[in-house]
Amino acid sequence: MAHVVILGAGLGGLPAAYEMKAELGKKHEVTVINASDHFQFVPSNPWVGVGWRMRKDISFPIEPALNNKKINFIAQTATKIEPDKNRLVLANGESVDYDYLLIATGPQLAFNEVPGAGPIEGFSHSICTLDHGEKAYEGYQQLLDNPGPVVVGALQGASCFGPAYEYAMIVETALREVKRRDKVPMTFVTSEPYIGHLGLGGVGDSKGMMESEMRQRHINWITSAKVTKIEKDKMFVDEHNDNGEVIKQHEVPFNYSMMLPAFKGVEAVAGVDGLCNPRGFVMVDDYQRNPTYPNIYAAGVCIAIPPVEVTPVPTGTPKTGYMIESMVTAIVHNISNEINGNAPSETGTWNAVCLADMGDTGAAFVAMPQIPPRNLTWFKKGKWVHLAKIAFERYFLRKMKKGTSEPLFEKYVLKTMGIERLK
């Protein structure tokens, strides 16, 4: 009997557990280890930040759902991976042995790389976690009582720009709904070389469409921006030209700010020699295996992917939901192949698919492959995207509670967009 351990129970880890158990059956054991005992639907966090969703709406206990599928669950933080011993060490001092390990931890949030950044020890909010989203909502409520400038965006090295755009638009919509928008100047600050770059070199006319949306909503922007420090009510921003030279230094005042950070690997993973790159992201081959430790696989935000292009201020490459789902499916089949004495043969589909809510409308895009030049570029905007993301949220949560391993993006999102299966 093989023991497959999945480290992480987020958007990659939990579907991986269901799919792995469905593939391997009763003959093999699957265990999920996660620091939290609740699943959180992270794509809904921008809504949490303005009170459009509460914790109970987008989270649920993990253990009952996994137990229903005969999957083991341990609610502990992994403090160390010992790959030479095929073992994980947990925060409570216990250890777990594995035959195969799937790392799906997500990232560590690198707020410490910018002085004054972050919701814990700094002066900017975040929507990266549910806890952060709830604190952001507290700050938003204070903004309603004391209207003033708002700054939203992404710090240098960030790789997940979509939620920053979403939150800026959602805040703008929410302020209009309560008749406070006229009292709140808004600025979008991003390390991207232009609006709509998204860490992907742009997708179709994303630059023109997103700039138009920002102008329509009276949101100013600073691109190629490096935030040097954040104080209680002021952000210090260096704006760069295409050569990476500072052309203007801004002091941007704010009553409220939300800035997405750069990511790096979590400590337990980053500390293993030969497993990760210098940022702590897991290095994988075409089959999602680590070259040094071939019984360790990885999927999602925790893997190493090079930037799409060199930008004046560093930007990373996003890992979207469809891409993560594709990685997970490939890993499940490859581990099954290995258990059955065959070589891994499945590779992930590295295409980018995204639904981005804008409060009262939305934008959807497909980049195939995500790195240009592309075989398919598709970018659309409309009210239907807003509704589609709401529907997908409900669909995903229902399926995760039920323990279904079907390919969610394939069945719902792509059909909603009118796009056939991505090969």
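By convention here, the first residue in the shown sequence is residue 1.
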Exercise. Think Lys232 forms a cation-pi with Phe123, using NZ or CZ under 6.0 Å from the six-ring centre and within 45 degrees of its axis?
Worked result: no
For this session: Hey, could you give me the CD1/CD1 distance between Ile324 and Ile303, rounded to the nearest 0.5 Å?
Result: 8.5 Å
Problem set entry | Centroid separation Tyr256 to His125 less than 6.0 Å | yes
Exercise. Is a salt bridge present between Asp360 and Arg176, judged by a nitrogen-to-oxygen distance below 4.0 Å?
Worked result: yes
Problem set entry | Gly196 to Ser206 - nearest heavy-atom pair and separation | O-OG, 2.7 Å
Exercise. So, the side chain of Gln288 versus the backbone of Val328: is there a donor-acceptor pair under 3.5 Å, distance only?
Worked result: no
Exercise. What distance separates Glu172 CD from Glu177 CD, expressed to the nearest 0.5 Å?
Worked result: 10.0 Å
Exercise. Side chain to side chain contact (heavy atoms under 4.5 Å, CB included) between Lys80 and Leu88: does it pass, once the steps are laid out?
Worked result: CA-CA 6 Å; Lys80 189 176 182 182; Leu88 293 174; over 6 Å; no
Seminar exercise, completed: Correct closest heavy-atom pair for Ala299 and Cys302 would be O-SG, 3.4 Å
Problem set entry | Student check: side-chain heavy atoms of Tyr18 and Met400 closer than 4.5 Å | yes
Problem set entry | Shortest non-hydrogen separation from Val152 to Ala164 and the atoms involved | CG1-O, 3.5 Å
Problem set entry | side-chain contact (heavy atoms from CB on, under 4.5 Å) partner of His240, chosen from Ser191, Pro193, Ser224 | Ser224
Exercise. Looking at Trp47, does the NZ or CZ of Lys389 lie under 6.0 angstrom from its six-membered ring centre and within 45 degrees of the ring axis?
Worked result: yes
Exercise. Quick one: do Glu113 and Arg279 make a salt bridge, cutoff under 4.0 Å?
Worked result: yes
Problem set entry | For Ala104 against Gly12, the heavy-atom pair lying closest together | CB-C, 4.4 Å
Problem set entry | Candidate pair Ile127 and Leu260, rule side chain to side chain contact (heavy atoms under 4.5 Å, CB included), full reasoning | CA-CA 7 Å; Ile127 51 169; Leu260 298 181; 3.9 Å; yes
For this session: Could you list all the ring pair (Phe, Tyr, Trp, His ring centres under 6.0 Å) pairs where at least one residue sits in residues 152-201, not counting sequence neighbours?
Result: Tyr165-Phe188, Tyr194-His197
Exercise. Which value, rounded to the nearest 0.5 Å, describes the distance between Glu134 atom CD and His132 atom NE2?
Worked result: 11.0 Å
Exercise. Is it true that a side-chain atom of Ser257 and a backbone atom of Val151 form a donor plus acceptor pair closer than 3.5 Å?
Worked result: yes
Exercise. Ile103 and Tyr297: side chain to side chain contact (heavy atoms under 4.5 Å, CB included), yes or no, with the steps?
Worked result: CA-CA 6 Å; Ile103 300 173; Tyr297 289 77; over 6 Å; no
Exercise. Between Tyr100 (side chain) and Val5 (backbone), is there a donor-acceptor pair under 3.5 Å?
Worked result: no
Exercise. For the side chain of Lys381 and the backbone of Met210, is there at least one donor-acceptor N/O pair under 3.5 Å apart?
Worked result: no
Exercise. Going by atom types alone, do Thr173 and Arg217 pair a side-chain donor with an acceptor below 3.5 Å?
Worked result: yes
Problem set entry | Side chains of Phe236 and Glu231 in contact at under 4.5 Å (non-hydrogen atoms) | yes
Exercise. Does Val30 reach the side chain of Ile71, with side-chain heavy atoms less than 4.5 Å apart?
Worked result: yes
For this session: Mind checking side-chain contact (heavy atoms from CB on, under 4.5 Å) for Asp285 and listing every partner two or more places apart, or none if nothing turns up?
Result: Tyr287, Arg289
For this session: Measure across Val203 and Val366 and return the closest heavy-atom pair with its distance rounded to 0.1 Å.
Result: CG1-O, 3.8 Å
Seminar exercise, completed: Met214 and Ile195 have their tightest heavy-atom pair at CE-CD1, 4.0 Å
Problem set entry | Asn334 CG to Asp286 CG distance, which is reported to the nearest 0.5 Å | 10.5 Å
Problem set entry | Phe392 and Phe396 aromatic ring geometry - parallel, tilted or perpendicular at 30°/60° bounds | perpendicular
Exercise. Does any pair with a residue in residues 240-267 pass salt bridge (charged side-chain N to carboxylate O under 4.0 Å, His left out), and if so which ones, sequence neighbours excluded?
Worked result: Lys234-Glu251
Exercise. Mind checking whether Val189 and Trp221 have side chains closer than 4.5 Å, heavy atoms only?
Worked result: no
For this session: Give a yes-or-no answer on whether the side chains of Gln249 and Asp238 include a donor-acceptor pair shorter than 3.5 Å.
Result: yes
For this session: Can you measure from CG (Asn34) to CG (Leu14) and round to the nearest 0.5 angstrom?
Result: 9.0 Å
Exercise. Regarding Glu393 and Ser44, is there a side-chain donor-to-acceptor distance under 3.5 Å anywhere?
Worked result: yes
For this session: Taking only Lys NZ, Arg NE, NH1 and NH2, and the carboxylate oxygens of Asp or Glu, determine whether Asp131 and Arg55 approach each other closer than 4.0 Å.
Result: yes
For this session: Taking Asp57 for its side chain and Arg53 for its backbone only, find out whether a donor-acceptor pair lies under 3.5 Å.
Result: no
Problem set entry | Lys NZ or Arg CZ of Lys319 over Phe281 ring: under 6.0 Å, within 45° | yes
Exercise. How many angstroms lie between atom OG of Ser59 and atom NE2 of His38, to the nearest 0.5 angstrom?
Worked result: 5.5 Å
Exercise. Is a side-chain donor or acceptor of Ser124 paired with a backbone partner of Ala117 at a separation under 3.5 angstrom?
Worked result: no
Exercise. Please walk me through it: do Ile58 and Leu130 pass side chain to side chain contact (heavy atoms under 4.5 Å, CB included)?
Worked result: CA-CA 9 Å; Ile58 63 167; Leu130 183 49; 3.8 Å; yes
Problem set entry | Close side-chain approach of Thr190 and Ile222, heavy atoms under 4.5 Å | no
Exercise. So with a 6.0 Å cut-off around CG of Asp182, is the heavy-atom count from everything else above 12?
Worked result: yes
For this session: Give a yes or no on whether a salt bridge exists between Glu19 and Lys21, defined as a side-chain N under 4.0 angstrom from a carboxylate O.
Result: no
Exercise. Can you tell me if NZ on Lys183 sees more than 12 non-hydrogen neighbours from other groups inside 6.0 Å?
Worked result: no
Exercise. Is Trp52 close to Ile170 at the side-chain level, that is, under 4.5 Å between some pair of heavy atoms?
Worked result: yes
Exercise. Is there a donor-acceptor pair closer than 3.5 Å between any side-chain N or O of Arg374 and the backbone N or O of Pro369?
Worked result: yes
For this session: Would you check if Val32 and Asn72 make a side-chain contact, meaning some heavy-atom pair closer than 4.5 Å?
Result: no
For this session: Look at the side chain of Asp145 and the backbone N and O of Gln142, then say whether any donor-acceptor pair between them is shorter than 3.5 Å.
Result: no
Exercise. Judged by atom type as modelled, is there a donor-acceptor pair below 3.5 Å linking the side chain of Asn255 to the main-chain atoms of Leu143?
Worked result: no
Problem set entry | Close side-chain approach of Glu325 to Leu11, heavy-atom, < 4.5 Å | no
For this session: May I ask you to check whether Thr129 and Gln40 show a side-chain donor-acceptor distance below 3.5 Å?
Result: no
For this session: Verify, without hydrogens or angle tests, whether Thr315 (side chain) and Thr311 (backbone) share a donor-acceptor contact under 3.5 angstrom.
Result: no
